[in-house]
J.: 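Sharing a structure here in C-alpha cells format.
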Protein chains: 2
Amino acid sequence: MSLTRTRARRATINDVARAAGLSRGTVSRVVNGEKYVSEEARQAVEEAIAQVGYVRNSAARNLVKQESRAIGLIIHEPHSLLFEDPNIGSILLGANEVLSKADYQLVSLIIDSDRDSRRVADYLRGGLVDGAVIISARASDPIAAAVAEIGLPAAFVGHPDGTPDLPYAAINNEEAARNITGRLLGTGRQRVGMIASALDRDSGQDRLAGFRAAMGGKFDPALVVEYPLYTYAAGLEGMQELLRREPAIDGVFAASDAVAAGAMTALQEAGRRVPEDVGIVGFDDSSWALRCRPQLSTVRQPADLLGSTAAELVLAQLNGLPGTPRVLDTTIMWRGSA
Amino acid sequence: MSLTRTRARRATINDVARAAGLSRGTVSRVVNGEKYVSEEARQAVEEAIAQVGYVRNSAARNLVKQESRAIGLIIHEPHSLLFEDPNIGSILLGANEVLSKADYQLVSLIIDSDRDSRRVADYLRGGLVDGAVIISARASDPIAAAVAEIGLPAAFVGHPDGTPDLPYAAINNEEAARNITGRLLGTGRQRVGMIASALDRDSGQDRLAGFRAAMGGKFDPALVVEYPLYTYAAGLEGMQELLRREPAIDGVFAASDAVAAGAMTALQEAGRRVPEDVGIVGFDDSSWALRCRPQLSTVRQPADLLGSTAAELVLAQLNGLPGTPRVLDTTIMWRGSA
DNA sequence: TGTATCTCTGTGAACGTTCCCAGAAGACCG
DNA sequence: CGGTCTTCTGGGAACGTTCACAGAGATACA
C-alpha cells in the first residue's frame with residue numbers, strides 16, 4: 001500500500017542531547033520546564049532543539065505517563081441531525097471550554113456506521129483518551145458498554161435508560177414538556193395535539209410523557225403523530241397529518257423547534273393564522289425560535305451548560321471524586337407563537 | 001491534584017502470555033490476526049484475553065509502529081457558525097466516510113481560543129495523527145504553519161491565500177457567484193445589490209468579486225453591504241440597510257443561504273413580494289434553501305464531496321502520491337425566489 | 001537418508017519518553 | 001575542617017508493544 005514514504009526520521013530527545021552536549025535527562029527537564037537546570041544548560045538545549053527541529057513524541061510520553069490528557073466526545077447522531085440540531089454545536093463548545101481550561105484536549109469522534117462504532121470503541125479502549133463524554137446515546141449503545149467495561153471515566157449528556165450506570169448531565173424533559181403544554185392550554189385551547197419525535201431516545205419519550213400528563217383527561221391519542229427524527233420535515237408532514245385528522249385543531253406542542261418551524265410553515269400554507277387560529281410551542285430555544293414569524297414560544301434548554309457540566313463530571317472522576325448526576329433547569333421562553 | 005486515583009493496572013500482553021502459558025510473540029500474533037499460529041494456541045490466547053481482561057495499549061503500539069492511523073480534522077470557526085452553517089456537518093461526514101473505509105479514525109479538534117490553537121498544534125505535532133484536514137483556515141493560520149513545519153500530510157477544504165502550499169479541495173466561488181448573479185440579471189432586474197459576508201475568508205472575497213464581475217458597468221458600491229459572518233442576522237440587517245439606501249432595489253445576491261433567509265424575512269416584513277418585487281438568490285444550497293417560502297434559488301456546493309476529497313488528498317500523501325488540488329463543480333439550483 | 005520447505009514458537013532489541021537514584025560541586029554553618 | 005543542604009547532571013530502568021531472527025518439529029521429496 002504505502003509506496004515511497006520518505007518522511008525523514010524525526011529528531012529525538014537524544015539527538016537534542018548530543019547537539020547540546022548534555023544528557024537526555026537534562027533535555028527532558030528543559031522541555032518540561034522543571035527546576036534544577038542551569039541557565040546555561042537551558043539555553044544550550046533550546047538552541048539544540050531549534051537546530052535539530054525537535055518536537056516531542058506524544059506516544060512515547062503517553063506510554064510512560066500512562067495518560068493522554070485528552071477527552072473523547074462521542075457524537076452518535078443520524079446524518080440529518082448533525083446539520084439541523086444546533087444543540088450539538090453548543091454542547092461541543094461548552095465541553096471544550098471546560099476541558100481547555102483544565103488543559104485537556106477535546107477530541108470529537110463521530111459515529112456514522114457500525115464500522116465506526118467498533119473503531120471508536122477501540123480508540124477509547126486503547127488509552128488514547130483519559131475520559132469520555134457521550135452525547136445522544138441510546139439504549140444498548142455499544143460505546144457506552146465498552147466504556148463501562150474498561151472503567152473509563154465518562155459522563156452522558158442526557159440520560160438514556162438501559163445504559164450503564166454512569167453520571168450524566170441532563171434536563172427534565174418530562175417536567176418541561178408538562179409545563180409548556182400547561183401554559184399552552186392556559187391560552188384557552190380546546191383541541192391540542194403533539195408532533196412527537198425520536199421516541200427511541202429518552203428525550204423523545206419524556207417529552208411525550210410530559211404532554212400526556214399535562215393533557216390529563218383531554219388527552220386524545222388521535223392527536224399525536226410520531227416521527228423518527230427532530231427535523232423540519234417531520235414538522236411539515238406531521239402538521240399536515242394533524243390537520244387532516246382534526247381540522248379544528250387549535251394548539252400544537254412540537255417536540256423540538258425544528259419540528260415547530262416545519263409545523264408553522266404547514267399551518268401558514270394551509271391558511272391558518274398563528275397564533276390566532278392555532279397556538280404552537282416548541283422545545284430547545286435554538287436559533288430556529290427567533291427565526292420563525294411569529295417567534296416561537298419554547299423551552300430554553302442550556303445546551304452549552306449540558307456540555308460543560310458533563311465535562312466537569314469527567315474531570316471530577318479523573319480526580320478521584322464521585323461525579324454525581326446533575327439535572328439542569330429549563331425555562332419557558334414565551335413569545336408570539338402561542 | 002489527583003487524589004485517590006485507584007484505577008487498577010491494566011493487563012498487558014505479558015499477563016495474557018503468562019495466563020495462556022505461551023509467549024508474548026504468540027499473543028501479539030493472535031491479537032493482530034497474523035497467520036502461523038496454531039488453532040490450539042489461538043484458543044488459549046483468546047481465553048486468556050477474556051480472563052485477564054486485556055485490551056491493547058495504543059500508545060505503545062503507535063510508538064513502535066510510528067503511526068497512529070488517525071487523521072485530525074481541524075475546525076476553526078467562530079462560535080455562531082458551528083450552529084448555523086450546515087456545511088460543516090456535511091464536510092465532516094464526507095471526510096469520515098472516506099477515512100472510515102480506509103480504516104483511519106477521524107478525530108475532530110475544534111479551535112475556539114488561542115489556548116486551543118496552541119494545544120491543537122501540539123497535538124498534531126506530537127504524532128497523535130498521521131495527517132490533517134483543515135477547514136476554514138484563514139491567512140496566517142498558526143495551525144497551517146505548524147502542519148507545514150513538520151511536514152504532516154494535510155489538505156485544506158477551501159483555498160485560503162497566505163497559507164502554506166498544501167493541496168486543497170475547493171469550489172470556484174468567484175465563477176459560481178458570477179454565474180448566479182448573471183442569471184438573476186437575466187430576469188430583468190435593474191437595481192441589484194449584494195449582502196457580502198466573511199470578507200476575511202477567500203470564499204467571502206471571491207463571492208463579492210464574482211458579483212462585481214457579473215454586474216460590470218451596473219456595479220454600484222452603494223448597493224453592497226458587508227457583514228463579518230454568514231448568518232441569518234446578517235441577512236436581516238443587511239436587507240433592511242439596503243432598502244434604506246435604495247427603496248427601488250429589485251434584486252439581491254446574498255453571500256449564503258442563511259443570509260438570504262434573513263434577507264427574505266426582512267423583505268417580507270417590509271411588504272415586498274418575493275420574487276415579484278425583489279428577486280433574491282443565495283449560495284450553498286443548504287437546508288435553508290428548501291425551508292424558505294418561496295424556496296431559494298441558490299448555488300449548490302457539494303459540501304460532502306469537499307470533505308471526502310480533502311480526505312482523499314491526505315490519504316494520497318500517506319501513500320507517497322502527490323495530492324494535487326481539486327476544484328469541484330457547482331451547479332445553480334433555480335427555484336422560486338428569483 | 002539427507003535436505004529443503006513449511007509451520008509454529010520464543011526472545012532480544014527497539015520505539016522515545018519520564019522517573020528515580022547516585023553523585024559531583026558548591027554554599028553554608030557549627 | 002567536617003558535615004549538611006542545595007543545585008545540577010548523567011544514566012539505568014521501565015512503560016507495552018512490534019519486529020526480526022533463530023530454531024524446533026513436521027512434512028515432502030529426491
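Order of the sequence lines sets the chain letters (A, B, ...), proteins ahead of strands, with each chain counted from 1.
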J.: Does any part of the side chain of Leu109(A), heavy atoms only, come nearer than 4.5 Å to the side chain of Leu106(B), both counted from C-beta?
T.: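 They are not in contact (no side-chain heavy atoms under 4.5 Å apart), so the answer is no.
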J.: If you measure from CD1 on Ile111(A) to CD1 on Ile75(A), what distance do you get to the nearest 0.5 Å?
T.: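 CD1 of Ile75(A) is found 9.5 Å from CD1 of Ile111(A).
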J.: Rounded to whole Å, how long is the line connecting atom CG of Asn57(A) with atom P of dA14(C)?
T.: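 Answer to the nearest Å: 17 Å.
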J.: Looking at residues 16-34 of chain B, who's got a heavy atom less than 4.0 Å off DNA chain D?
T.: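 Result for residues 16-34 of chain B: Arg24(B), Ser28(B), Asn32(B), sorted by number.
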J.: Would you say that more than 12 heavy atoms from the other residues, nucleotides or ligands in this model lie under 6.0 Å from the CZ of Arg326(A), or not?
T.: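 No, not enclosed.
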J.: Under the rule for salt bridge (charged side-chain N to carboxylate O under 4.0 Å, His left out), what residues qualify as partners of Arg118(B), not counting sequence neighbours?
T.: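 So Arg118(B) forms no salt bridge (charged side-chain N to carboxylate O under 4.0 Å, His left out) with any residue.
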J.: Report the end-to-end axis angle of the helix from dT1(C)-dA30(D) to dG30(C)-dC1(D); each axis comes from five terminal pairs, and the value is rounded to 10°.
T.: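 End axes: 50° apart.
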J.: Run the salt bridge (charged side-chain N to carboxylate O under 4.0 Å, His left out) test against Glu149(A) and tell me which residues pass, sequence neighbours left out.
T.: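 If we apply the salt bridge (charged side-chain N to carboxylate O under 4.0 Å, His left out) test to Glu149(A), skipping adjacent residues, the hits are Arg125(A).
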J.: What pairs of donor and acceptor atoms, side-chain ones from residues 27-35 of chain A against any protein atom, are under 3.5 angstrom apart with sequence neighbours left out?
T.:
unit_1   : atom_1 : unit_2   : atom_2 : d
Ser28(A) : OG     : Asn32(A) : ND2    : 3.4
Asn32(A) : OD1    : Arg56(A) : NH2    : 2.5
Asn32(A) : OD1    : Arg61(A) : NH2    : 2.9
Asn32(A) : ND2    : Ser28(A) : O      : 2.9

J.: Within the distance-only criterion (no hydrogens, no angle test), does the side chain of Asp130(B) pair as donor or acceptor with the backbone N or O of Arg69(B) below 3.5 angstrom?
T.: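 Between the backbone of Arg69(B) and the side chain of Asp130(B) there is a qualifying donor-acceptor contact (under 3.5 Å).
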J.: What residues form a ring pair (Phe, Tyr, Trp, His ring centres under 6.0 Å) with Tyr123(A), not counting sequence neighbours?
T.: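 Ring pair (Phe, Tyr, Trp, His ring centres under 6.0 Å) list for Tyr123(A), sorted by chain: empty.
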J.: Run the numbers on Glu97(A) and Lys101(A) for salt bridge (charged side-chain N to carboxylate O under 4.0 Å, His left out), then give the verdict.
T.: CA-CA 6 Å; Glu97(A) 196 176 337; Lys101(A) 280 200 182 115; 3.6 Å; yes
J.: Show your working on side-chain contact (heavy atoms from CB on, under 4.5 Å) between Leu63(B) and Asn57(A) and close with a plain yes or no.
T.: CA-CA 8 Å; Leu63(B) 176 58; Asn57(A) 181 315; 4.2 Å; yes
J.: For nucleotides 6-8 of chain C, list the nitrogen or oxygen atoms of the protein found under 3.5 Å from its nitrogen or oxygen atoms, one pair per line.
T.:
unit_1 : atom_1 : unit_2   : atom_2 : d
dT7(C) : OP2    : Tyr36(B) : OH     : 2.7

J.: State whether the side chain of Asp304(B) and the backbone N or O of Ile91(B) hold a donor-acceptor pair below 3.5 Å, judged by distance alone.
T.: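 Not confirmed, Asp304(B) side chain does not pair with Ile91(B) backbone.
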J.: Keeping Gln317(A) on the side-chain end and Ala154(A) on the backbone end, is there a donor-acceptor pair under 3.5 Å?
T.: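 Between the backbone of Ala154(A) and the side chain of Gln317(A) there is a qualifying donor-acceptor contact (under 3.5 Å).
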J.: Tell me the side chain to side chain donor-acceptor pair (under 3.5 Å) pairs involving residues 305-314 of chain B, sequence neighbours left out?
T.: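 Passing the test, one end in residues 305-314 of chain B: no pairs.
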J.: Between which nucleotides of DNA chain D, 5' to 3', does chain B make heavy-atom contacts below 4.0 Å?
T.: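 That gives a stretch of dG16(D) to dC19(D).
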J.: Going by the rule salt bridge (charged side-chain N to carboxylate O under 4.0 Å, His left out), which residues pair with Asp116(A) if we only count those two or more places apart in sequence or in a different chain?
T.: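 Partners of Asp116(A) by the salt bridge (charged side-chain N to carboxylate O under 4.0 Å, His left out) criterion, ordered by chain and then number, come out as Arg119(A).
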J.: Taking atom C1' of dT17(C) as reference, at what distance in whole Å does atom CG of Asn62(A) sit?
T.: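 Nearest whole value for this atom pair: 10 Å.
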J.: Taking salt bridge (charged side-chain N to carboxylate O under 4.0 Å, His left out) as the definition, give me every residue that meets it alongside Asp114(A), ordered by chain and number, with sequence neighbours left out.
T.: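 With sequence neighbours excluded, Asp114(A) shows a salt bridge (charged side-chain N to carboxylate O under 4.0 Å, His left out) to no residue whatsoever.
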J.: List every contact pair, protein side and nucleotides 22-25 of chain C side both N or O, where the distance is under 3.5 Å.
T.:
none

